[in-house]
Amino acid sequence: MGNYENTKTEYENAFVEERKKHIEMQFMHLNEMQRQAVLATEGPLLILAGAGSGKTTVLINRIYNILKFGCGSDSDEIPYYASEDSADIISRGGDEADRLCALHPAQPWQILAITFTNKAAGELKTRLGNMLGESADDIWACTFHSACVRILRRDADRLGYSKSFTIYDTSDTNSLLRQIIKELDLDEKFYAPKAVAGEISRAKDALIDPPKYIKQASFKADLYHKKVGEIYARYMESLKKSDAMDFDDLIFNTVKLLDSYSEVREYWQNRFRYILVDEYQDTNNLQYYLVSLLTNDENNICVVGDDDQSIYKFRGATIENILNFESNFEDCRTIRLEQNYRSTGHILEAANAVISHNLGRKGKTLWTAKNAGDPVELFVADSERDEAQYIVSKILRGYGSGGKWRDYAVLYRMNAQSNSIEYALKSHNIPYRIVGGTRFFDRAEVKDILAYMCVVLAPNDNLRLQRIINVPARGIGLKSVETALEIGNDNDLSLFDVISHAQSYEQLTRPAARMKEFANMIGELQSFAACNSPADLFDELIEKTGYIRMLQEKKTKEDEARIENVMELKSTMLTYMNESGDSTLEGYLANVALYTDLDNYDNDSDAVTLMTMHASKGLEFPYVFIAGMEETIFPSSRAIGEADELEEERRLCYVAVTRAMKNLYLVAARQRLLFGRTNCNRVSRFVDEIPDEHIKKNIPKGFAYKDPATAYFPGGSRYSGAYEPDNVPQYDTLPGKSYSYSKPKQKITPAPAAKQEKPMLQLELGDNVRHKAFGIGVVVKMMPMGGDYLIEINFETQGSKKLMLKAASLFLEKV
DNA sequence: CGCACCACAATTTTT
DNA sequence: TTGTGGTGCG
């Protein structure tokens with residue numbers, strides 16, 4: 001500043017000052033720190049954004065600022081068109097002022113905003129669209145992987161791939177590795193495909209290619225690394241033959257491309273004037289290289305992250321990226337967003353307290369202007385089943401008093417925990433949705449159909465051809481495929497080439513006819529594809545291959561679900577084509593590998609959400625349950641004893657806790673049936689890290705697990721007030737499935753109940769009722785539930801609603 | 001070759 | 001507990 005004052009005229013200083021003020025005025029809806037982050041457009045910027053601190057808002061507004069005012073808020077430059085009265089004009093505001101304040105504004109396509117998940121990218125796009133209209137379409141708001149795909153589609157041929165390379169997902173990778181390991185006659189136990197995949201992934205993260213890996217391994221004495229080097233080399237060869245890249249390759253190859261071809265690098269560096277990276281704490285080494293390579297001399301790189309929310313170290317994310325950002329990028333500015341807009345006081349304090357037990361943080365303390373709210377609640381249940389019951393009764397209670405199902409989320413450490421909770425929700429007819437788990441695109445039938453389509457487009461994809469060549473069974477067995485593969489390897493032909501001319505190889509005389517038939521079918525599908533829409537091809541394909549018939553003939557429940565999945569796949573294809581404007585099958589197949597279930601998650605439907613804590617990152621819910629707050633579950637057994645991993649678990653806890661807006665319930669079970677084994681665990685250490693003033697603990701003393709009633713409500717427990725005895729879940733009403741411990745013989749008596757002011761309405765199925773708010777309807781379902789009933793009514797005008805009879809009695813009458 | 005059965009394993013998180 | 005992969009039989 002001081003320098004300029006001497007060299008600039010007074011009006012110039014006034015101009016710069018007015019310009020900054022004017023731009024600043026556009027962002028008065030933000031808090032001071034958020035605004036600073038928005039206005040600091042030039043040079044490296046690190047935004048440490050705590051949970052719920054409005055970081056997406058900041059990103060959006062920052063992009064808006066860059067597009068509208070360029071570097072106007074962050075520069076002392078005086079444009080040629082500024083004159084002596086410019087400052088005056090600006091101070092009067094209006095369009096003219098806006099125009100004067102704009103300084104080298106960026107074009108939408110000069111902005112690259114990288115996120116971690118498709119969902120986050122989609123959200124960013126939507127919000128940018130709302131703010132900027134159509135011009136937002138030109139902004140690259142995408143994930144690391146999809147950004148790389150776009151870059152590679154342009155120049156992949158320089159690396160020896162075609163521009164229409166396919167992408168192998170994790171399971172493709174694993175099966176290819178398994179195959180290679182077998183071919184090399186190695187023991188699958190010792191060279192577990194998954195472990196090898198991890199090793200290769202780590203190598204790529206360190207920019208080590210197979211020759212380099214083999215060289216490094218040659219200095220070591222151990223055989224393992226030498227063999228892995230061999231596998232690695234074969235794996236890459238095989239990928240290249242199939243014109244395929246795995247997830248890591250997408251980034252690795254992009255880095256390679258940018259690094260080795262200066263004209264490519266310059267092209268992209270010139271194009272992207274401003275780069276923003278979200279969730280920077282989750283980036284790995286490769287991604288760091290990528291970002292550095294894309295950044296030009298202007299260094300307009302802005303990263304947003306929260307070191308306390310780094311929970312993906314296990315897959316190579318290195319927290320160092322964020323911890324070292326300031327030293328990696330010179331003249332970096334750092335801004336902390338510490339005001340939380342999401343949670344009430346007790347919840348936030350609990351989160352702060354837990355995370356403060358970690359060492360090596362950037363240090364950051366969230367605060368809120370909200371009131372303290374309710375303390376966090378801890379409940380120690382009897383078993384995993386009671387845990388679920390507790391959660392369900394809490395949810396029912398909240399729903400009964402006017403809540404929405406979608407306000408509730410149940411978080412857990414691992415997917416296997418969802419079973420008991422699902423069961424309880426199901427038996428109470430509570431709508432719920434599970435995010436994650438066995439992913440849609442990992443289902444065998446989905447992979448099969450996709451593999452078929454890939455093969456139709458690119459028959460040389462050996463891996464996918466192998467997958468479907470005998471599904472449904474058509475008499476081409478493992479042995480035949482193996483021989484065909486060998487022939488292919490020897491003559492440098494693809495598997496498809498070999499089976500197309502199977503009759504010319506005497507080793508294949510037996511299956512030759514069937515192979516030929518199969519190859520012909522693929523050929524027919526290819527010609528069909530040439531002059532029909534992808535949707536029609538889809539139908540033709542599942543017919544002609546007999547796939548649907550195979551499922552229909554089996555007739556089990558699972559197979560019905562599989563048919564549904566296949567149809568669902570068709571609709572995701574159509575959705576993709578609609579939304580992306582890309583109606584080619586190639587485009588769809590090229591992108592489908594980057595799809596995940598998370599993308600299908602829509603918050604429109606009114607349902608309780610079940611997911612892992614990892615999957616919950618970035619989301620928020622009014623009421624959050626964290627299930628399984630037990631040592632060995634959370635923190636997980638493999639983290640205990642490892643300082644680093646324990647810290648990661650603690651960060652995970654921090655993430656989970658900060659999802660809650662109004663109420664947070666922590667639930668533990670004294671005894672838990674998991675993987676067919678019953679364990680007893682202590683309550684999680686993370687619970688103890690929450691100071692007493694922020695948590696209300698309910699640990700039944702007179703523990704008698706044969707009598708759930710006393711387990712829930714020990715004499716004098718604080719819960720007796722919150723829970724009417726008649727709301728005690730009655731296990732006898734639960735259908736099916738017996739559990740390992742004996743049920744109480746006698747029914748739990750609904751104690752001094754029934755002294756209500758208004759008697760419960762007597763209803764039967766099929767009764768017509770009038771509701772004060774919803775109008776006329778008919779009772780379609782009644783579920784007894786702890787002395788009350790959960791009823792479902794189909795209303796003429798309002799659709800179907802689920803109500804608790806007792807609470808609804810006030811508004812209901814029979815007609 | 002295909003199916004059924006059995007043994008065994010592992011059992012987090014994701015592009 | 002669930003799922004997977006391998007084996008053995010028809």
Side-chain angles (χ1 to χ4, degrees), chain A residues 114-121 142-149 167-175 178 182 188-189 192-195 197-198 201 245-252 279 282-284 286-287 310-317 384 411-420 423 435-439 441-444 470-481 510-511 514 550 554 558 591-599 611-617 628 632-639 645 648-649 651-652 655-656 672-679 737 739-740:
Chain A
I114 304 180
T115 62
F116 223 74
T117 62
N118 297 310
K119 188 161 72 68
C142 48
T143 64
F144 271 102
H145 297 270
S146 61
C148 287
V149 169
I167 301 168
Y168 277 8
D169 69 16
T170 317
S171 56
D172 294 328
T173 295
N174 281 339
S175 40
R178 191 175 313 120
K182 268 187 196 156
E188 248 186 89
K189 298 253 164 57
K194 263 176 139 184
S201 179
M245 299 192 197
D246 68 17
F247 286 137
D248 294 314
D249 288 335
L250 293 176
I251 300 177
F252 184 88
E279 307 280 14
D282 289 336
T283 54
N284 62 23
L286 259 185
Q287 287 158 338
S310 159
I311 52 175
Y312 288 112
K313 201 178 129 201
F314 68 90
R315 63 170 194 223
E384 83 287 343
L411 310 182
Y412 35 78
R413 180 64 234 270
M414 45 189 173
N415 289 118
Q417 286 172 261
S418 72
N419 275 332
S420 53
Y423 180 70
V435 180
T438 333
R439 284 191 300 288
F441 290 98
D442 279 347
R443 305 192 116 93
N470 205 25
V471 182
R474 42 176 78 89
I476 306 174
L478 221 65
K479 200 88 200 144
S480 319
V481 174
R510 214 148 45 100
R514 285 168 295 211
M550 169 184 81
K554 287 197 186 161
E558 288 82 33
N591 283 291
V592 77
L594 300 177
Y595 260 48
T596 46
D597 255 17
L598 230 55
D599 307 337
M611 61 185 155
T612 64
M613 298 183 215
H614 281 90
S616 75
K617 193 161 74 146
T632 74
I633 305 260
F634 188 44
S636 97
S637 49
R638 43 195 83 193
E645 297 201 26
E648 178 135 318
E649 296 279 307
R651 290 192 292 269
L652 185 58
V655 167
R672 176 178 300 272
L673 184 72
L674 196 64
F675 303 130
R677 181 173 273 137
T678 307
N679 293 304
K737 212 164 183 175
Y739 281 78
S740 49

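Atom set for the values below is all heavy atoms of this structure, side chains included, hydrogens, waters and symmetry mates excluded. In what follows, chains are A, B, ... by sequence order, proteins preceding strands, each numbered from 1.
Nucleic acid contact class of A:Tyr312 (heavy atoms, under 4.0 Å, all strands): sugar-phosphate only. The residue A:Thr612 sits close only to the backbone: its heavy atoms come under 4.0 Å of sugar-phosphate atoms, none of a base. Among the protein residues, A:Phe144 comes within range of no part of the nucleic acid, since none of its heavy atoms lies under 4.0 Å from any strand. If you check every strand for non-hydrogen atoms under 4.0 Å, A:Ala473 touches sugar and phosphate atoms only. Residue A:Asp248 is classed as having no contact, given no heavy-atom separation below 4.0 Å to the nucleic acid. Backbone-only engagement by A:Arg178 is indicated by non-hydrogen atom pairs under 4.0 Å involving sugar-phosphate atoms exclusively.
Distance alone, capped at 3.5 Å, is enough to place a donor-acceptor pair between the A:Asn118 side chain and the A:Leu594 backbone. The backbone N or O of A:Gln287 lies less than 3.5 Å from a partner atom in the side chain of A:Asn284, making a donor-acceptor pair.
In this structure, the ring-ring contact (aromatic ring centres under 6.0 Å, His included) partners of A:Tyr312, at least two apart in sequence or on a different chain, are A:Phe314, A:His614. Among residues two or more places apart in sequence or in another chain, the side-chain contact (heavy atoms from CB on, under 4.5 Å) test is passed with A:Ser636 by A:Arg413, A:Arg638, A:Ala639, A:Glu649.
Rounded to an integer number of Å, the gap from A:His145 NE2 to B:dT14 P is 13 Å. If you take CG of A:Leu674 and C1' of C:dT1, they are 9 Å apart, rounded to a whole angstrom. Between the CG atom of A:Asp172 and the P atom of B:dT15 there is a distance of 15 Å, given to the nearest Å. Going from atom CZ of A:Arg672 over to atom C1' of B:dT11 covers 14 Å, rounded to whole Å. B:dT15 atom P lies 12 Å from atom CD1 of A:Ile251, rounded to whole Å. Protein atom CG of A:Leu478 is 8 Å distant from nucleotide atom P of B:dC1, rounded to whole Å. Straight-line distance from the CZ atom of A:Arg315 to the P atom of B:dT15: 7 Å, rounded to whole Å. Distance, A:Asn419 CG to B:dT11 P: 17 Å, rounded to whole Å.
Distances shorter than 4.0 Å separate none of the side-chain N or O atoms of A:Lys182 from OP1 or OP2 on C:dG5. Close to B:dT15, at under 4.0 Å from its OP1 or OP2, lies no side-chain N or O of A:Asn284. Distances shown here put every side-chain N or O of A:Thr170 at or beyond 4.0 Å from the OP1 or OP2 atom of B:dT14.
The side-chain hydrogen bond (donor to acceptor under 3.5 Å, both in side chains) with A:Ser171 is formed by just one residue from the set A:Asp169, A:Thr173, A:Asn174; it is A:Asp169.
Between A:Thr143 and A:Met414, it is A:Met414 whose nearest contact on DNA chain B lies nearer the 5' terminus. When each of A:Lys194 and A:Arg474 is assigned the nucleotide of DNA chain B bearing its nearest heavy atom, the one mapping closer to the 5' terminus is A:Arg474.
Comparing B:dG2, B:dT11, B:dT14 by their closest approach to the side chain of A:Ala615 singles out B:dT14.
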